[in-house]
Amino acid sequence: MKSQFFTFLLFTLITSSLFANGFIMSPPEDNYWRPSTNQNYIKPFPPDYNPCVVELMSENTNIVIENNVAQVEIKQYFYNSTPDTLHAYYLFPIPENNQLNNFTITMDSIKMRPELINKNTGYTIFRDIVKATTNPAYWEYASLDFYKLSIYNTPPRERKEITITYTVNLTPDEAGMVKFDHIFSTQQFARSPISDQKFNLTIKSEDKIGSVYIPTHQVETTRPNPNEASIFLGGKRSRITDNLTLYYNTTKRDVACTLFTYKEPGEDGYFLLTFDAGLVEDKNIIAKNMLYAIDVSSNMPADKLAQVKKAISKSIAELNPDDKFNVLTFNDSATTVFPEMMSVNANNIEKAQAFVNAANPSGASNYEAAFEKMLAPKIERTTPYYVVWVSAGDPNAGMDDYDDLTDEIEDANKRTMRMFTVGIGNEINLNMLDQFANFTQAYSTYVADNENAETTISQLTSNINDPVLVNLQLYYSGDYPVSEVNPRKPGNFFNAIPLSFAGRYKSGKEVSISLIGDLNGQMKRYNFDVTFTDDDQTYDFIPKIWASRYIGKLLNEVRSGEEDPEDAGEEILDVADENFIINPYTAHLIIQDYEYLSEKKQQFEPRIFTQTTSDFAKAYAALEEEKGKNAINISREANALYNASMMRDIAQGYDRMKFKGGTSVAEDYVLAGNTVLYKNQEDIWVDAATQDASGKAERYAFGSEDYFNFATKNPEAAPLLQVGKVMRILVKDNIYEIFEAPVEEEEKK
């Protein structure tokens with residue numbers, strides 16, 4: 001295992017062109033501060049005074065992007081909760097390199113005249129805000145232009161309604177990808193969570209919308225027609241502080257192709273290749289065979305079976321008109337509602353639902369008998385055959401070895417059979433169900449004792465309801481060499497789930513890619529011309545997506561017994577170090593390597609190194625467990641890592657990673673600009689780059705004249721300075737240490 005320092009990334013995507021929300025600031029009583037450069041003296045605000053006393057109560061953002069023009073409307077409702085009439089200022093940051101057209105601002109339905117402040121003046125103003133508030137977070141906006149509006153009278157216990165409108169022209173890149181970003185970070189200054197928050201974004205286009213890719217947030221997405229897509233984000237009593245990034249493209253074809261690449265000169269590149277069917281026409285949805293196989297043995301708890309019945313009955317009702325289906329229940333023996341696959345019609349649906357609802361748990365669990373029924377149907381080699389297998393325990397009658405049962409699947413040679421397994425309860429054998437799913441190129445999901453099976457099964461059956469292609473093949477022209485691709489080969493392509501691959505490549509080149517598959521008995525070929533770049537670091541999240549999938553693959557190989565834990569651990573450690581991936585499995589390995597570091601490096605290493613390692617060691621050791629809550633967590637997290645396509649997919653296990661006092665490990669890591677910062681054991685924010693830098697650090701007390709002189713001379717340091725008051729950073733190859741001076745020392749000055 002290599003011995004070097006390790007740093008980690010809190011998974012927030014770097015964004016460049018953002019659309020913002022504004023906030024209101026008000027000075028305390030008898031303080032005449034204003035956001036202006038015409039102030040000779042800045043009187044500090046009282047300690048812990050939050051100038052956002054006119055509170056943001058609700059926010060409603062509506063954005064329509066039509067033919068690459070974004071029309072933005074933001075309605076914000078503020079409330080003066082104090083007993084005083086306040087003089088306040090509304091500040092609206094404008095993202096760098098953005099041109100807002102037709103900008104208007106109204107307050108209480110009256111059109112206002114805001115002042116546009118350029119970033120040079122703005123830097124001075126936000127520097128003074130940091131000086132007055134002693135809150136370094138305001139440095140985030142110091143390098144941006146912004147609009148300023150003076151609100152001369154904000155009566156007590158009254159509400160202010162502010163509406164912002166503007167348009168922005170969005171320009172597709174060379175590959176046709178359009179990027180849209182929205183700033184939510186101003187909400188960090190809100191005194192309390194926002195009572196009601198809605199963010200609605202709709203994309204409309206003359207051409208069909210292809211891929212819609214949102215790597216930063218979990219959103220609700222709807223596709224009412226092929227030329228329109230909508231996303232929603234929001235909730236009650238919420239505070240969104242991570243900025244949102246959205247990518248989309250349009251196409252005249254049934255399937256859209258998107259290629260993101262990242263490559264540094266002289267290094268192997270990374271890529272994320274995605275195919276998206278968007279909203280396909282009914283003629284392009286493949287008729288499928290669906291079998292629901294339900295464990296009704298005594299292993300299945302009665303309450304869980306009731307939830308399973310609801311989900312399966314609902315799924316049967318939602319099958320497509322040209323599908324065929326059957327239902328199988330098994331305990332000591334196996335029984336199907338129909339002797340063969342049947343058409344979807346009202347009579348058959350009613351019979352199948354009655355059969356499902358009549359089931360009660362009893363007897364042993366005979367997988368072998370169920371497999372015999374499951375493998376009996378004669379399915380055409382171009383027709384998908386999907387099995388939704390729901391079981392709650394090990395087989396305890398008939399054949400019980402999962403290698404032997406897998407051999408049964410192999411011998412049956414059902415080319416298009418996919419066995420989607422659902423494990424119910426903490427005592428299910430995860431390795432067995434994972435093996436069934438992996439062998440048939442499907443996937444598994446689990447329902448823990450305290451979870452609802454209806455929700456999980458309904459989501460699964462909805463995802464696989466509309467297959468787009470089967471018997472998939474993927475080709476690169478001229479045998480273009482790609483490597484370390486996950487998944488290794490294409491398995492399933494559904495309307496609801498984009499098909500994506502993450503891998504490596506040697507050199508840049510224009511390449512033709514062919515995706516081939518069967519569509520209702522006919523071979524269908526989609527050809528796409530893409531460019532693997534030779535020097536482009538625009539999409540710097542792609543290496544992390546690839547690393548996540550690679551680590552997920554290694555974790556699953558350890559779980560299945562294919563890979564030795566020690567050998568896999570060395571690979572996981574190397575990939576995690578290089579790409580800043582942290583989860584309970586990489587953390588344990590990284591902490592093990594801490595002992596090899598010099599004392600000097602240990603001093604500035606992450607705080608996690610000085611905390612207990614027992615939880616992470618247990619998580620890594622549990623990779624080889626077949627049952628229990630830990631095994632369920634690991635299965636979910638390893639598979640989520642392996643299938644990662646969003647930044648949020650990478651942050652697996654964060655909710656379980658806590659220090660002794662209960663603080664989340666995630667709170668110790670932040671991405672500022674392009675720089676990773678983490679807290680060390682002395683609560684100092686450390687710039688990872690300082691570890692390899694030489695020379696003595698220059699030291700400035702936070703809030704001192706030297707500190708602000710340094711900030712004025714080095715505006716590029718603002719993204720780092722926003723992180724905290726105590727830090728060790730690298731600026732222009734020089735190390736700087738910011739510290740908090742004792743109160744008495746400040747008083748002497």
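All values below were derived from every heavy atom in this structure, side-chain atoms included, with hydrogens, water molecules and symmetry-related copies excluded.
Residues Asp649 and Asn643 bring no donor and acceptor atom of their side chains to less than 3.5 Å of each other. Side-chain atoms of Ser297 and Asp295 form a donor-acceptor pair, as typed in the model, at a separation below 3.5 Å. Side chains of Gln353 and Ser313: a donor-acceptor N/O pair is absent below 3.5 angstrom, by distance only. Between the side chains of Ser512 and Asn527, no donor-acceptor pair is found at a separation under 3.5 Å. A donor atom on one side chain and an acceptor atom on the other are not found under 3.5 Å apart for Asn299 and Glu427. With hydrogens and angles left out, the side-chain atoms of Thr329 and Thr335 include no donor and acceptor closer than 3.5 Å.
The heavy-atom pair separating Ala311 from Ser458 by the smallest distance is CB-OG, 3.7 Å. Closest approach of Ala619 and Pro584 over heavy atoms only: CB-CB, 3.7 Å. For the residue pair Pro498 and Asp276, the shortest heavy atom distance occurs at CG-OD2, 3.5 Å. Heavy-atom minimum distance, Asn67 versus Ser205: OD1-CA, 3.7 Å. Heavy-atom minimum distance, Gly491 versus Gln441: CA-NE2, 3.7 Å. Of all the heavy atoms in Thr440 and Met419, the pair that sits closest is OG1-N, 2.9 Å.
Dense packing is recorded around CD of Gln473, with more than 12 heavy atoms of other residues, nucleotides or ligands lying under 6.0 Å away. Residue Glu66 places its CD atom among more than 12 non-hydrogen atoms of other residues, nucleotides or ligands, all under 6.0 Å distant.
A donor-acceptor pair under 3.5 Å is absent between the side-chain atoms of Lys288 and the main chain of Lys324, judged by distance alone. Of the possible donor and acceptor atoms, none in the side chain of Asn471 sits under 3.5 Å from a partner among the backbone N and O of Gly517. In this structure a side-chain-to-backbone donor-acceptor pair under 3.5 Å is missing from Ser315 to Thr461. Side chain of Thr416 to backbone of Thr383: a donor-acceptor contact under 3.5 angstrom is found. Asn583 contributes a side-chain N or O that, together with a main-chain N or O of Thr586, makes up a donor-acceptor pair within less than 3.5 Å. In this structure, the side chain of Asn320 does not engage the main chain of Asp322 through any donor-acceptor pair within 3.5 Å. Side chain of Ser560 to main chain of Glu557: a donor-acceptor pair is present (N/O by atom type, distance under 3.5 Å, no hydrogens or angles). Although no hydrogens or angles enter the test, the distance criterion places no donor-acceptor pair under 3.5 Å between the side chain of Asp323 and the main chain of Leu319. Put simply, the side chain of Ser391 never gets that close to the backbone of Gly393: no donor and acceptor are under 3.5 Å apart. Using modelled atom types, no side-chain atom of Lys236 and backbone atom of Gln197 make a donor-acceptor pair closer than 3.5 Å.
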Kindly indicate, with the supporting measurements, whether the criterion ring pair (Phe, Tyr, Trp, His ring centres under 6.0 Å) is fulfilled by Phe275 and Phe528. CA-CA 10 Å; Phe275 301 95; Phe528 305 93; 5.7 Å; yes
What do the steps show when you test Ser362 against Asn331 for side chain to side chain contact (heavy atoms under 4.5 Å, CB included), and what is the final call? CA-CA 7 Å; Ser362 65; Asn331 46 25; 3.8 Å; yes
Passes salt bridge (Lys or Arg N to Asp or Glu O under 4.0 Å), Arg559 versus Asp434? Steps please. CA-CA 10 Å; Arg559 292 178 59 239; Asp434 285 348; 2.5 Å; yes
Evaluate Phe180 against Tyr247 for ring pair (Phe, Tyr, Trp, His ring centres under 6.0 Å), listing each step before the verdict. CA-CA 6 Å; Phe180 180 88; Tyr247 298 93; over 10 Å; no
Report the C-alpha separation of Met432 and Ser444 in whole Å, then their side-chain angles, then the decisive distance to 0.1 Å, and conclude whether the side chain to side chain contact (heavy atoms under 4.5 Å, CB included) test is met. CA-CA 10 Å; Met432 177 179 286; Ser444 52; over 6 Å; no
Does Phe541 form a side chain to side chain contact (heavy atoms under 4.5 Å, CB included) with Trp546? I'd like the steps, not just the answer. CA-CA 9 Å; Phe541 58 93; Trp546 173 84; over 6 Å; no
Before giving the answer on side-chain hydrogen bond (donor to acceptor under 3.5 Å, both in side chains), spell out for Gln459 and Asn463 the whole-Å C-alpha distance, their side-chain angles and the decisive distance to 0.1 Å. CA-CA 6 Å; Gln459 183 63 60; Asn463 286 342; 2.9 Å; yes
Might you work through the ring pair (Phe, Tyr, Trp, His ring centres under 6.0 Å) test for Tyr367 and Trp389, ending with a clear yes or no? CA-CA 10 Å; Tyr367 279 33; Trp389 177 279; 5.1 Å; yes
I would like to know whether Cys257 and Val530 meet side chain to side chain contact (heavy atoms under 4.5 Å, CB included); could you show each step before the answer? CA-CA 9 Å; Cys257 175; Val530 299; 4.1 Å; yes
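Judged by a 6.0 Å distance limit and a 45° cone about the ring axis, Arg504 is positioned over the six-membered ring of Tyr270.
Looking at heavy atoms from C-beta onward, Leu554 lies out of side-chain contact with Val558 at the 4.5 angstrom threshold. In this structure, the side chains of Asn249 and Val212 stay at 4.5 Å or more apart for every pair of heavy atoms. Residues Tyr402 and Asn431 have side chains in contact (heavy-atom distance under 4.5 Å, counting atoms from C-beta outward). At a threshold of 4.5 Å between non-hydrogen side-chain atoms, the residues Ile316 and Val327 count as touching. Inter-residue side-chain proximity for Pro487 and Phe501 is flagged as met; some heavy-atom pair is nearer than 4.5 Å. The side-chain heavy atoms of Ile516 and Leu472, taken from C-beta on, include no pair separated by under 4.5 Å.
By the 4.0 Å N-to-carboxylate-O rule, Asp394 lies close enough to Lys627 to be salt-bridged with it. Ion pairing between Lys309 and Glu454 fails under the 4.0 Å rule for side-chain N and carboxylate O. A salt bridge links Glu451 with Arg636; the closest basic N to acidic carboxylate O contact falls under 4.0 Å.
Partner of Tyr446 under the side-chain contact (heavy atoms from CB on, under 4.5 Å) criterion, chosen from Thr456, Leu433, Asn426: Leu433.
Rounded to the nearest 0.5 Å, atoms CG (Leu555) and CG (Leu623) are 5.5 Å apart. Remark: Lys310 NZ to Ile457 CD1 distance equals 12.5 Å, nearest 0.5 Å. One distance of note links CD1 of Ile542 with CG of Leu272; it measures 4.5 Å at 0.5 Å rounding. Put simply, CD on Glu318 and CG on Asn465 are 7.0 Å apart, with the number rounded to the nearest 0.5 Å. Rounding to the nearest 0.5 Å gives a distance of 8.5 Å between CZ of Phe439 and CE of Met417. Note that CG of Leu515 is 6.5 Å distant from CZ of Phe493, once rounded to the nearest 0.5 Å.
Tyr539 and Phe260 have perpendicular rings, their planes meeting at more than 60° on a 0 to 90° scale where under 30° would count as parallel.
The ring of Phe420 has its center closer than 6.0 angstrom to the ring center of Tyr443. Residues Tyr505 and Tyr476 place their aromatic rings such that the two centres sit no closer than 6.0 Å. Two rings, from Tyr386 and Phe325, have their centers 6.0 Å or more apart.
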